[in-house]
Enquirer: 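Sharing a structure here in structure tokens format.
Everything quoted here is computed from the prediction, not taken from an experiment. Labels below follow one simple rule: chain letters A, B, ... track the order of the sequence lines, proteins then strands, and each chain is numbered from 1.
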Amino acid sequence: MKRTTILVLAAAAAAFGLALAVSLLVTRSDTAPPLADAARTVLPGLSAATGEPVLPALATLRPAAGSVVQAPGPFDGRFVLDNLTFDGRRVAATVRITSDVSGLLELEALAGFYDAKGTLLGTGRYVRPDPARQGHAEPTAPAPGGAGAGEAHRVTIDVPAALRGRAVSAAIGVPVLVNE
Amino acid sequence: MRASTRSIAIATIVVAALGGTATASATNQGDRDDRDSGRAKNVIYLLGDGMGRTHVTAARERFYGPAGKLVMERMPVVGQVSTYAVQPRSGQPGTPDFAPNFVTDSASAATAWASGVKTYNAALGVDAKGKVVPTVMELAKRAGYRTGNVSTAEITDATPAGQMSHALARGCQGPSYSASSCQDTEVTGTELPTTDIRVTPIADQIARNGTADVIFGGGLSRFDAADEKALRNQGYQVLGSPATQTVATRRDLNSAYGPKVFGLFNQGNLTVEKFKIANPSAPQAKEPTLSEMTRKAIGLLDGGKAGRSDGKGFYLQIEGALIDKRSHANDAAQTLQEMKAFDEAVRVAMDFAKRDGNTLVIVTADHECAGFNIIEKGTFTNAEAATPPGNVDSGNTANNSTPSRPGRNQLDPTRSTGIINGAGAGDPRNFGPATFRTPRDPASVKDGSPEASLWLSYLSGNHTGADVPLFAYGPSSERLARSLDNTDLFDVVGQALRVTR
């Protein structure tokens, strides 16, 4: 075989291979971007949380001295707040859940404490220990100190030490509730 | 090289290059042909939350009699699905650090079929080590499909959230972040910054990630004014108003149009069908049924008169959530009615699929709930028994293994004070069964009476580890006619839509 013929055939084979590789590569890259890239992990315009949840109504309430009132929150249609008490040292209430009581996943209560003029002095928070999260299972056990899970839960929030003696009234509400 | 030789050489190279391209093209065409056999234009995935095999049987007998069939039971392909979860930080099956948990919750199960990985109970869109994994709805959206997510639960609840969020903890639903409900340091070691998607409230994610074009369900109180603004900025038609906490109604649903629609019809979960049927003038009766939401979602996603399909197809998930929630409560009457409502949604999906001719319909469950079972009329369960069945004849090798219990299988009148939806309804400690009339019972027979032919009982108030049924129709459905794991559903759907490798 002549040298030129060999060169031509070699070039032809190279061109064939190159065309094949490029074509396959282009096709593959067009149809198969990494799966992980599809996950939506960036949310344009969303400001990240800077703290624990609040109840804006606490700043506008003016409970009378010696009283405790309910602060409105996003889930007020799902529970009734019973047996509200305030003795100057702590506020307490029973959260009786009235909707979808088969399971209680999350419950947080927030209390505001006020001086004699009705000025908000500060807040205290209650976070229900979640046996389900601790065990990573659906709720199974009765709620501590009360009826079955999701039915009623006694909440107690102490007046912060710095406010003791100054807080003469309180308000309490529920900013976090996940029940099913 | 002479001119003629040069010409031949150039021609040879050009022909070779063209041949290479043609060969590659043919190869790719062959791949496409192989891949396109069984490709579905649309996938409708219907999920009966907590729906075990007995839920299906009991609903059939209640509404159609023993010789009848639910719509889902008329589908040609039948399979069964294992549902187990894993422990936090577990590896995947087959790895040395694999640590199973035999009973799943709805979050782990949703992640299994949505993302194809086993994860721990409470996790959504992350594996058991906390790594974000894409969902089939996200993959479908990226590939150009239209997408929809419909539920009778809060739309931030585990099943719908499993397709359109990534969260360490299912309780991180919103409207606000809290460390207690959103962080899980057992998985991550230390708390994540609040900029991390995995601790971002699910409502914030749904309102901003655009994963689903059509969103119908409950849970309005998880969303706020900022969420409504974010939705509108993406082009969603928002039914009702998160900003004013005005729930959407059936009328709003019927008049909805456009490519992206967001409608939540209750501040919490939607109302059970049994209540709406009994109280047709109540405000809750203005909520649409699951089948009405399904019909509208299909219409919007398929194009039709209102939507604007580009012809690519759609992926739609439909959840009958209250089957599970009412099974947790051991409320058989509401459970059965929710089964019927779910089956009517299946009917809507099947009617569309038969007309369309290129739609894969899958009906299955995430787990069984409460050990629902059918006992023979006039009999009782172990929970009602003074002494469970005995097994004490040591002289008989057939019945002398552990447990060995003296006595006989007898009803305990203190544990069973009558039919729970009848004479025994006032006893909070009663383990009696619930009874229901069926179509073959005489008209005089009432629910809750001993004469009713369908006797139902629950084992517990929680999930069980039983496999769940699966029914399917359409392209690729033959791949589901077997025993599957719930992670296999990700592969089947992903490959039917050609969005996974």
Enquirer: Let me confirm one number: the CZ-CG distance from B:Arg142 to A:Asp37, rounded to the nearest 0.5 Å.
Expert: 6.0 Å
Enquirer: Where do A:Ala38 and B:Pro134 come nearest, in terms of heavy atoms and distance?
Expert: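 Shortest heavy-atom contact: CB-CB, 4.2 Å.
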Enquirer: Taking B:Asp331, B:Asp204, B:Asp324, B:Thr195 one by one, which has the highest count of heavy-atom pairs under 4.5 Å against chain A?
Expert: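 Option with the greatest count: B:Asp204.
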Enquirer: If you tally heavy-atom pairs under 4.5 Å against chain A, which of B:Ser108, B:Pro175, B:Ala143 wins?
Expert: B:Pro175
Enquirer: Could you give the distance from CG (A:Leu107) to OG (B:Ser180), rounded to the nearest 0.5 Å?
Expert: 9.5 Å
Enquirer: Using side-chain heavy atoms (C-beta onward) and a distance below 4.5 Å, is B:Arg208 in contact with A:Arg40?
Expert: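 No, their side chains stay 4.5 Å or more apart.
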Enquirer: Which answer fits B:Asp157, side chain, backbone, both or neither, if we ask what part of it has an atom under 4.5 Å from a heavy atom of chain A?
Expert: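 The answer is the side chain of B:Asp157.
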Enquirer: Nearest 0.5 Å please: distance from the OG atom of B:Ser181 over to the CD atom of A:Glu52.
Expert: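 Answer for the OG-CD pair, B:Ser181 versus A:Glu52, is 8.0 Å.
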Enquirer: Of all the heavy-atom pairs spanning B:Val499 and A:Leu35, show the shortest one and how long it is.
Expert: O-CD2, 3.6 Å
Enquirer: When you look at A:Val178 and B:Arg222, which way does the side-chain contact (heavy atoms from CB on, under 4.5 Å) test go after all the steps?
Expert: CA-CA 10 Å; A:Val178 181; B:Arg222 302 289 173 197; 3.9 Å; yes
Enquirer: Check whether any side-chain heavy atom of B:Thr194 sits under 4.5 Å from a side-chain heavy atom of A:Thr50, and report yes or no.
Expert: no
Enquirer: Non-hydrogen atoms of chain A under 4.5 Å away: do they reach the side chain of B:Glu154, the backbone, both or neither?
Expert: side chain
Enquirer: Against chain A, label B:Thr200 side chain, backbone, both or neither, depending on which of its atoms sit under 4.5 Å from a heavy atom there.
Expert: side chain
Enquirer: Name the option with the most non-hydrogen atom pairs under 4.5 Å to chain A; the candidates are B:Lys325, B:Arg198, B:Lys131.
Expert: B:Lys325
Enquirer: Can you name the closest pair of heavy atoms from A:Phe75 and B:Gly174 and give their distance?
Expert: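 Shortest heavy-atom separation between A:Phe75 and B:Gly174 comes out as CZ-O, 3.7 Å.
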Enquirer: Which atom names give the shortest non-hydrogen contact between B:Ser178 and A:Glu108, and what distance separates them?
Expert: OG-OE2, 2.7 Å
Enquirer: Considering only heavy atoms and a distance below 4.5 Å, find which of A:Leu43, A:Val176, A:Val54 pairs most often with chain B.
Expert: A:Leu43
Enquirer: For the residue pair B:Phe223 and A:Pro74, establish whether any side-chain heavy-atom pair is separated by less than 4.5 Å.
Expert: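 The answer is no; the side chains never approach within 4.5 Å.
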Enquirer: Given the options B:His166, B:Met137, B:Gln173, which has more heavy-atom pairs under 4.5 Å with chain A than any of the others?
Expert: B:His166
